[in-house]
Amino acid sequence: MTKRMMKYKMLYVMLLPAIVFLFVFNYIPMYGASIAFKDFWITKGILGSPWVGFDHFEQLFKTDKFWQVFRNTIEINLLRLVFGFPAPIFLAILLNEVRLKWFKRSIQTIVYLPHFISWVTISGIIFSLLSNEGLVNKVITAFGGDSVNFLTSNGMFRPLLVLSGIWKEIGWGTIIFLAALSGVNPDLYEAATVDGANRFKQIVHITLPSLLPIISILLILNFGSMMTGGFDQVFNLYNTMVYESGDVIDTYVYRIGLTQGKYSMATAIGLFLNVINFVLLIVVNSASKKMSGQGIY
Amino acid sequence: MNILFLVFMVLITLYPFWHVLVGSIMPYEESIRSTLHLFPRRISFEAYEFVFSKDTIMRSLLVSLFVTVAGTLYQLFVTAITAYPLIKHDLPGRSAIFLFIIFTMFFGGGLIPYYLLIKNLGLVNSLAVMIIPAAISTYNMIVLKTFFQNIPIELEESAKMDGAGYMKIFFRIILPLSVPALATIALFIAVGQWNNWYTPMLFLNDKEIWPLAMVLRDILINNNMELTRGGSFVSEEFMLGDTIKNAVVIVSVVPIIVVYPFIQKHFVKGVMIGSIKS
């Protein structure tokens, strides 16, 4: 055994940096999450702080604010699922219908681009379009309408999240569907044409069914990240006026943990969320394996 | 119909960028008066002159460049050197090590314990925090691993006959043959580093070492008037406000648009490999 391992010692040396870094920056914080069960004092450190069991969790579950962000997270993710999830499928089907190669490729190049721009920059662009003195309101008032508070109204914030999310990721989302479609046998379409099926019928009977396996996997995976709020997007777009509709667990943890210094409480929320996500992932993955034979591990 | 809709999609995608670009090169007086500006009537680069004359922004550009280059080389190196041993199926303990790495993709300690760790390590307010903790991206590691697996094993075996060790094989054979994959991953990492505002927001209180993304955030979101108002030409700089914001947005986007064509060629393959893991 050891002799065999000696033969590979260089390979272990190569693996060493990753193991050390992951241990320090990923596994030590996992241990650090124990402060969710402690009355953490920064001066006493993690080891020196006394255990309090599930006190923080009990307190948490009694807080209205917590249930509000919990609900927000789920509701926002459901909205993303209903409107955001089908969008790239729709676009991929349309792109798939384009026969001109150069045209298809140039459209793809353009719609992929926003994926690489950070939410900080995009929120800057959004502010310049939607703020009270922004382009959209200038146009509305020019036509005699009243300007709309896109960025500070609770009714507008969720549509803003969903639409800006679609705008940023729709192109990127098409990649996987287009790849699945490139594997479809072109004879199928030809045969359908011979049988007199028009373009629309071909989409319904050939294109959509060939996307079904990948759609179901991605759909299930989406449920697996139900408790993740998209920190980047929400944090860069929200403000105190829209906490009611837009504050999600991730942003709540940041605020009460790092700006209010309630370390143990914030860790308890983080841990709660992480465990739910992890359980969801395992459940969802085994469901996916059962239904489609494919999973992520 | 279909074509029309797709052209509409393209316009929707591009117009916001165009709006900001035009907004950045138009004289301020005009930007208040006009509503929908498709083309600037007069071009003025005063906002850019202002941006590039500002120490805060120039320094942050240098920080961003440094962090992007150093961070990319470092993360690429660690990711590649980790991916290679994992393709050896007969390596004792391989699957345990792989699980140890992959597990971090699905479970973490959360924000606060991470924050406390970084604090205890003394990495707060040092540029190292932007580079060192992000040693390896598991996703990229899987993509590289899949790529390495497809390199013909015979090449390695003949090198082994000549007495080359794994280290030598890795540096002399595997890496040179993987340049396209490495370049793609490098660009992905570089874009991530360039866009990183989260780490500096958490750990860099010292504005002197802020990268551009953080300065941009400060100007755009916190609406920090210190920058647009400060200095001796108070009123004039204040007047430039919106055009300056637009100019900073453009400055932050341009490097990505410049490297974009190089990533674009390859990323579809990368995404496909990464999306379904074995």
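Atoms considered below: every heavy atom in the structure, side chains included; atoms not considered: hydrogens, waters and symmetry mates. Chain identifiers are assigned alphabetically (A, B, ...) following the order of the sequence lines, protein sequences preceding nucleic acid strands; residue numbering begins at 1 within each chain. The shown structure was predicted, so the numbers you read here are calculated from the model rather than taken from an experiment.
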TODO: Hey, can you tell me if B:Phe188 and A:Trp172 have their rings parallel, tilted or perpendicular (30° and 60° cut-offs)?
DONE: perpendicular
- [ ] Under the side-chain contact (heavy atoms from CB on, under 4.5 Å) rule, what do A:Val120 and B:Met214 come out as? Steps first, then yes or no, please.
- [x] CA-CA 9 Å; A:Val120 174; B:Met214 195 54 194; over 6 Å; no
Task: Side-chain (B:Asn195) to main-chain (A:Phe116) donor-acceptor, under 3.5 angstrom - done: yes
Open item on the list: Can you tell me if A:Tyr31 has over 12 outside heavy atoms packed within less than 6.0 Å of its OH?
Closed with: yes
Task: From CA spacing to verdict: side-chain contact (heavy atoms from CB on, under 4.5 Å), B:Arg217, A:Asn236 - done: CA-CA 8 Å; B:Arg217 205 188 117 77; A:Asn236 283 308; 2.5 Å; yes
- [ ] Please state whether the side chain, the backbone, both or neither of B:Ile81 comes within less than 4.5 Å of a heavy atom of chain A.
- [x] both
Open item on the list: Show the nearest heavy-atom pair for residues A:Pro29 and B:Pro113, with the distance to one decimal.
Closed with: O-CB, 3.3 Å
Task: Nearest atoms (heavy-atom pairs only) where A:Asn274 meets B:Gly110 - done: ND2-N, 4.3 Å
Task: Proximal component of A:Ile19, with respect to chain B [non-hydrogen, under 4.5 Å] - done: both
Task: chain A contact via B:Tyr115 - side chain, backbone, both or neither, heavy atoms under 4.5 Å - done: side chain
TODO: Apply ring pair (Phe, Tyr, Trp, His ring centres under 6.0 Å) to A:Tyr254 and B:Tyr198, showing your working.
DONE: CA-CA 11 Å; A:Tyr254 171 81; B:Tyr198 185 66; 7.5 Å; no
TODO: Determine whether more than 12 heavy atoms belonging to other residues, nucleotides or ligands lie under 6.0 Å from atom NZ of A:Lys104.
DONE: yes
Open item on the list: Within the 4.5 Å heavy-atom criterion, are A:Asn26 and B:Phe103 side-chain neighbours or not?
Closed with: no
Open item on the list: Return the CG to CG distance between A:Leu94 and B:Leu6, rounded to the nearest 0.5 Å.
Closed with: 5.5 Å
Open item on the list: Looking at chain A, which one of B:Ala83, B:Pro261, B:Pro85, B:Ala213 has the largest number of heavy-atom pairs inside 4.5 Å, strictly under?
Closed with: B:Pro85
- [ ] Could you have a look at B:Asn246, B:Leu86, B:Ile132, B:Asn196 and say which one has the most heavy-atom pairs with chain A under 4.5 angstrom?
- [x] B:Ile132
Task: Winner by heavy-atom pair count (cut-off under 4.5 Å) against chain A, out of B:Ile101, B:Leu202, B:Leu116, B:Ile118 - done: B:Leu116
Open item on the list: Give me the atom names and distance for the closest heavy-atom approach of B:Gly108 to A:Met30.
Closed with: C-CG, 3.9 Å
Task: Heavy-atom proximity to chain B below 4.5 Å, by part of A:Ile107 - done: both
Task: Evaluation steps, ring pair (Phe, Tyr, Trp, His ring centres under 6.0 Å), between B:Phe5 and A:Phe90 - done: CA-CA 11 Å; B:Phe5 182 82; A:Phe90 181 67; 5.5 Å; yes
Open item on the list: Quick check on B:Leu21 against chain A: is it the side chain, the backbone, both or neither that has a heavy atom closer than 4.5 Å?
Closed with: neither
Task: Region of B:Val191 in contact with chain A, defined by heavy-atom distances below 4.5 Å - done: side chain
TODO: Identify which part of B:Ser252 has an atom lying under 4.5 Å from any heavy atom of chain A, answering side chain, backbone, both or neither.
DONE: side chain
- [ ] Measure A:Asp250 against the heavy atoms of chain B and call it side chain, backbone, both or neither at under 4.5 Å.
- [x] neither
Open item on the list: Which heavy atom of A:Gly257 sits nearest to which heavy atom of B:Ile112, and what is that distance?
Closed with: CA-CD1, 3.6 Å
- [ ] Please state whether the side chain, the backbone, both or neither of A:Leu100 comes within less than 4.5 Å of a heavy atom of chain B.
- [x] neither
Open item on the list: Within a 6.0 Å radius of atom NZ on B:Lys168, are there more than 12 heavy atoms belonging to other residues, nucleotides or ligands?
Closed with: no
Task: Contact leader toward chain B among A:Leu95, A:Asp232, A:Val111, where contacts are heavy-atom pairs under 4.5 Å - done: A:Asp232
Open item on the list: Is there a side-chain contact (heavy atoms from CB on, under 4.5 Å) between B:Leu111 and A:Thr267? Walk through the geometry before answering.
Closed with: CA-CA 7 Å; B:Leu111 174 64; A:Thr267 307; over 6 Å; no
- [ ] Say whether, by atom type as modelled, one donor and one acceptor occur between the side chain of A:Tyr27 and the main chain of B:Phe100 under 3.5 angstrom.
- [x] yes
Open item on the list: Does any backbone or side-chain atom of A:Val24 lie under 4.5 Å from a heavy atom of chain B? Answer side chain, backbone, both or neither.
Closed with: both
Task: A:Trp167 and B:Phe17 aromatic ring geometry - parallel, tilted or perpendicular at 30°/60° bounds - done: tilted
Task: Side chain, backbone, both or neither of A:Leu113 within contact of chain B (heavy atoms, under 4.5 Å) - done: both
Task: Minimum side-chain heavy-atom gap B:Tyr84-A:Leu11 below 4.5 Å - done: yes
TODO: With a 4.5 Å cut-off on heavy-atom pairs, point out which of B:Ile136, B:Leu121, B:Asn2 contacts chain A the most.
DONE: B:Asn2
Open item on the list: As an exercise, state the distance from CE of B:Met105 to CG of A:Leu281, rounded to the nearest 0.5 Å.
Closed with: 10.0 Å
Open item on the list: Measuring only between side-chain heavy atoms, which start at C-beta, is A:Ile125 closer than 4.5 Å to B:His19?
Closed with: no
Task: Per-residue contact mode, A:Phe21 against chain B (heavy atom under 4.5 angstrom) - done: side chain
TODO: Evaluate the criterion side-chain contact (heavy atoms from CB on, under 4.5 Å) for residue pair B:Ile97 and A:Tyr12; output intermediate values, then yes/no.
DONE: CA-CA 10 Å; B:Ile97 295 170; A:Tyr12 291 116; 4.2 Å; yes
TODO: Measure across B:Val78 and A:Pro17 and return the closest heavy-atom pair with its distance rounded to 0.1 Å.
DONE: CG1-CB, 4.4 Å
TODO: State, with a plain yes or no, whether a side-chain heavy atom of B:Lys245 is found less than 4.5 Å away from one of A:Phe127.
DONE: no
Task: Options A:Thr109, A:Ile35, A:Leu22, A:Val136, ranked by heavy-atom pairs under 4.5 Å with chain B, top entry - done: A:Thr109
TODO: Name the orientation class of the two ring planes belonging to B:Trp197 and A:Phe231 (parallel below 30°, tilted from 30 to 60°, perpendicular beyond 60°).
DONE: parallel
Task: chain A contact via B:Leu91 - side chain, backbone, both or neither, heavy atoms under 4.5 Å - done: both
TODO: Measure the OG-CG distance between A:Ser118 and B:Leu212 for me, rounded to the nearest 0.5 Å.
DONE: 9.5 Å
Open item on the list: Can you tell me which portion of B:Phe107 sits under 4.5 Å from chain A's heavy atoms? Options are side chain, backbone, both or neither.
Closed with: both
TODO: Evaluate side chain to side chain donor-acceptor pair (under 3.5 Å) for A:Tyr8 paired with B:Asp90, printing each intermediate quantity in order.
DONE: CA-CA 10 Å; A:Tyr8 291 114; B:Asp90 46 353; 2.7 Å; yes
Task: A:Ile110 vs B:Met9 side-chain heavy atoms within contact, under 4.5 Å - done: no
- [ ] Tell me, out of A:Ser34, A:Ser128, A:Gly270, A:Ala36, who's got the most heavy-atom pairs with chain B below 4.5 Å.
- [x] A:Ser128
Open item on the list: Taking NZ in B:Lys160 as the centre, count heavy atoms belonging to other residues, nucleotides or ligands within less than 6.0 Å. Is the count above 12?
Closed with: yes
